[in-house]
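All remarks here apply to the structure that follows.
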Amino acid sequence: MARGKLRIHLGAAPGVGKTYAMLSEAHRRVERGADCVVAFVEHHGRPRTEVLLHGLEQVPRRELEYRGGVFPEMDLDAVIARRPQVALVDELAHTNIPGSRNAKRWQDVEELLAAGIDVISTVDIQHLESLGDVVESITGVRQQETVPDEVVRRAGQVELVDMTPEALRRRMAHGNIYQPDKVDAALSNYFRPGNLTALRELALLWVADRADAYLTQYRSEHRVSRIWGSRERIVVGLTGGPEGRTLIRRGARLAEKGAGGEVLAVYIARSDGLTSASPKELALQRTLVEDLGGTFHHVVGDDIPAALLAFARGVNATQIVLGSSRRKTWQYVFGPGVGATVARESGPDLDVHIVTHDEVAKGRGLPVARGARLGRSRRVWGWIAGVAGPPLLAALLNTVDLGLANDMLLFLALTVAAALLGGLLPALASAAVGSLLLNYFYTPPLHRWAIADPKNIVAIVIFVAVGVAVASVVDLAARRTHQAARLRAESEILSFLAGNVLRGETGLEELLERVRETFGMESAALLERAGDVEPWTCAGRVGRGRPIERPDQADVDMPVGDHMALALTGRVLPAEDRRVLAAFAAQAAVVLDRRRLREEAGRARTLAEGNRIRTALLAAVSHDLRTPLAGIKAAVTSLRSEDVEWSEEDRAELLEGIEEGADRLDHLVGNLLDMSRLQTGTVTPLIREIDLDEVVPMALGGVPEGSAGLDVPETLPMVAVDPGLLERAMANLVENAVKYSPPGAPVLVAASALADRVEVRVVDRGPGVPDEAKERIFEPFQRYGDAPRGAGVGLGLAVARGFAEAMGGTLNAEDTPGGGLTMVLTLRAAGTRPELHPAAEPERQAS
């Protein structure tokens, strides 16, 4: 069955018209003959949105009971049984009521897509999981309901429903979004112009990034090499010198001038090893570009201008930033330099900026030969000196008479120069041509290919021998330098790799990306299989290009053991590079093993925690739960006994004992169940705005009259909480405080406002708790001091903190001035969390 297609209407905030746009699209499809049904759409009481529901088939909702209320949810089974072509599912990030098949609505949507049903849905930008920290920095609160980015990215279409902050605030003021009694609070909190502008920018940038990913995929599939300037991408070319930091900052300023600008710093190393770049300086520049929001890339290429241009065109860059050359004036005789070459060959679609800096014309600091063999330009000049130099020198010497000895010394100097420039072969050519010219023009008999004086024969032989010797030494030095550079490069790469892997700083994908960039490949993948005849599976992959399913499909494959291989595509590597590649492959296997061991350790910790909870639970059942049961049993047995005639006072006392035991048993069982819900992560708060005086007084009902006082001012702002969870948490705190308070010292429950928070303090005058034990008392099954076994199972404070954190609050212990302990419950004031607004979260209307 073909998988259904997902279309998402994305908005910056509630009220921009996502649901309206979704319903309008549904009507267009129905007019075209599509079978479209409403699986779940919430109109939030907005008349214009409600009107659009008319004429669309609606699948009846499923009603679920939870905490005394009835809540409607999408009937997933009914929608699948109906099997429409298109289903409308509102609020993709919605958390389902406990008892539903899936915890999240996006999981319901995944089932619909798997059943071959197309889905149209809506989501706000603040509900994307990766933007949680950003949204928290803008609004001051952390989103509780999120949807994984990958779910939204996999959508076939993402349509941005946009509206300016001014227009959205006008809609709010006109009562088109919230009820009139909520408008003022919304406009002064969540719907502030700054909040809306920042969230709108997030939505625009997210959609732009997704469009950019589509563009990159299209260019790759259609092999488009020409640059499309859809957005500013600044490539900063680095040499590893100190001027790199200046170039990175300049590139960042250029990127800031265009919306959505991106900085990509690239360092190009020769294929035979690192050049004169300082690894420490490169690390500093990598940190700088990442701090400025850019990315750092390491590319291999012998022709630096060509490699730089190929990288820029591959990432669809629009500008290149290079530094002015550090070469001295006389060095320009060897060529125009990287900057001039890149500017000449960049073409009309790629701008090149040459930036001045403090290192201009100061030299490169280290000789070029340290990182590589004799370059192409040196070999060309060596051949020019070795072949054309002797005839030119002979023509010059024919005009003056310096004597045979001086002539031979000049030819010898020319041979040495050819050796220094081009190595062995140009020097041999210079020695051969020079010896023939010496014989013909300067050795008697002149202008004849003969030598009359035997001494001249010895001189020419020595001349040739010296030239060959010098050339051999230069060539050997170049080879040794090349080998040393390769070994240095390999050692630096391997030491950096080993250090990162041993410290656990590198994940599998990061390691594969480093392999791909180091060797200049298109893609890298780590393949594995369970046995010799089992199929290969991909443990991790980075880069573009065709997917690799088996090692023999790759351009380069490096086996790791019998059932694992590192596979690369892009080009065939020389044999000398496979040694470093083998080290990368071995480290990739180590990283994969570490990741799996970490996952197993996490599962083991979960099992160990579960075993600890079960052990403590068994201990509680064996004693603390049996004690009230034994009391109830004894009292009931006594009442039913026919041998004793109980007075009314005795009967009342026994019945009171039964009632106290039952209450105590109910309290213990309730805490155990609450703790199990917290441990399994199934606590889903139903947040709404309430006054504290609606809940806190009810929490005092379980303690003796007069043992607790209440101080909750009427001027306090409303809080955003789950009333049921807050009542249970407060009841546990008050009961714990009363338990440890001395007689005649009632517990004080006081509330106060602090910025955008409300603090509730439960103050007792008991023995207090040392600082080192203040956190331990919140752990499950912990009872402080010499509390008797019958005092409870030690879950009250653990449950209270768990409920507080589930509602987005905190619970901490402080010393009471003058002695005792104060529990500080911090709650968020109403209007500080976007999901607390009724239009954004309709399911949080009751608890």
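The analysis underlying the following values was restricted to heavy atoms, covering all of them including side chains, and did not include hydrogens, waters or symmetry mates. Position 1 is the first residue of the sequence, and the numbers go up from there.
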Review point. Does any donor atom in the side chain of Thr569 or Asp555 lie under 3.5 Å from an acceptor atom in the other side chain?
Key: no
[X] versus [Y]: any side-chain heavy-atom pair under 4.5 Å?
X: Leu726; Y: Met807; result: yes
X: Asn102; Y: Glu111; result: yes
X: Ile777; Y: Met823; result: yes
X: Leu112; Y: Leu76; result: yes
X: Asp124; Y: Leu199; result: no
X: Trp106; Y: Val123; result: no
X: His297; Y: Leu264; result: yes
X: Asn732; Y: Asn736; result: no

Charged N-O contact under 4.0 Å between [X] and [Y]:
X: Arg153; Y: Glu150; result: no
X: Glu759; Y: Arg761; result: yes
X: Arg594; Y: Glu599; result: no
X: Glu110; Y: Arg3; result: yes
X: Arg105; Y: Glu73; result: yes

[X] side chain to [Y] backbone, donor-acceptor under 3.5 Å:
X: Gln107; Y: Lys104; answer: yes
X: Asp722; Y: Ile687; answer: no
X: Thr826; Y: Gly809; answer: no

Roughly how far, to the nearest 0.5 Å, is the [atom2] atom of [Y] from the [atom1] atom of [X]?
X: Leu508; Y: Gln587; atom1: CG; atom2: CD; answer: 12.0 Å
X: Arg728; Y: Phe803; atom1: CZ; atom2: CZ; answer: 5.5 Å
X: Gln285; Y: Leu238; atom1: CD; atom2: CG; answer: 5.0 Å
X: Arg550; Y: Leu527; atom1: CZ; atom2: CG; answer: 10.5 Å
X: Thr810; Y: Leu827; atom1: OG1; atom2: CG; answer: 8.0 Å
X: Glu129; Y: Thr146; atom1: CD; atom2: OG1; answer: 4.5 Å

**Request:** Go through the steps for Asp108 and Asn96 under the test side chain to side chain donor-acceptor pair (under 3.5 Å), then give the verdict.
**Result:** CA-CA 10 Å; Asp108 295 337; Asn96 293 330; 3.0 Å; yes
Exercise. Test Leu10 against Val207 for side-chain contact (heavy atoms from CB on, under 4.5 Å), laying out the working first.
Key: CA-CA 9 Å; Leu10 176 70; Val207 174; 3.6 Å; yes
Is it true that atom [atom1] of [X] has more than 12 heavy atoms of other residues, nucleotides or ligands lying nearer than 6.0 Å?
X: Lys774; atom1: NZ; value: yes
X: Gln553; atom1: CD; value: yes
X: Glu65; atom1: CD; value: no

Any idea which heavy atoms bring [X] and [Y] closest together, and the distance?
X: Glu509; Y: Gly540; answer: OE2-CA, 4.2 Å
X: Val762; Y: Ala737; answer: CG1-CB, 3.8 Å
X: Arg828; Y: Arg757; answer: NH2-NH2, 3.5 Å
X: Arg688; Y: Pro723; answer: NE-CG, 3.6 Å
X: Gly99; Y: Leu64; answer: C-CD1, 4.3 Å
X: Leu811; Y: Leu797; answer: CD2-O, 4.3 Å

I'd like to know whether Trp206 forms a side-chain contact (heavy atoms from CB on, under 4.5 Å) with Val152, so could you lay out the CA-CA distance, the side-chain angles of the two residues, the decisive distance to 0.1 Å, and finally the verdict.
CA-CA 11 Å; Trp206 195 92; Val152 183; 3.4 Å; yes
Under the side-chain contact (heavy atoms from CB on, under 4.5 Å) rule, what do Leu202 and Val135 come out as? Steps first, then yes or no, please.
CA-CA 9 Å; Leu202 276 181; Val135 173; 4.2 Å; yes
TODO: Run the numbers on Met521 and Val556 for side-chain contact (heavy atoms from CB on, under 4.5 Å), then give the verdict.
DONE: CA-CA 10 Å; Met521 308 300 282; Val556 180; 4.2 Å; yes
Notebook entry, point to check: When you look at Thr822 and Glu814, which way does the side chain to side chain donor-acceptor pair (under 3.5 Å) test go after all the steps?
Noted result: CA-CA 5 Å; Thr822 298; Glu814 298 179 356; 5.9 Å; no
Kindly indicate, with the supporting measurements, whether the criterion side chain to side chain donor-acceptor pair (under 3.5 Å) is fulfilled by His127 and Glu91.
CA-CA 10 Å; His127 293 300; Glu91 297 176 354; over 6 Å; no
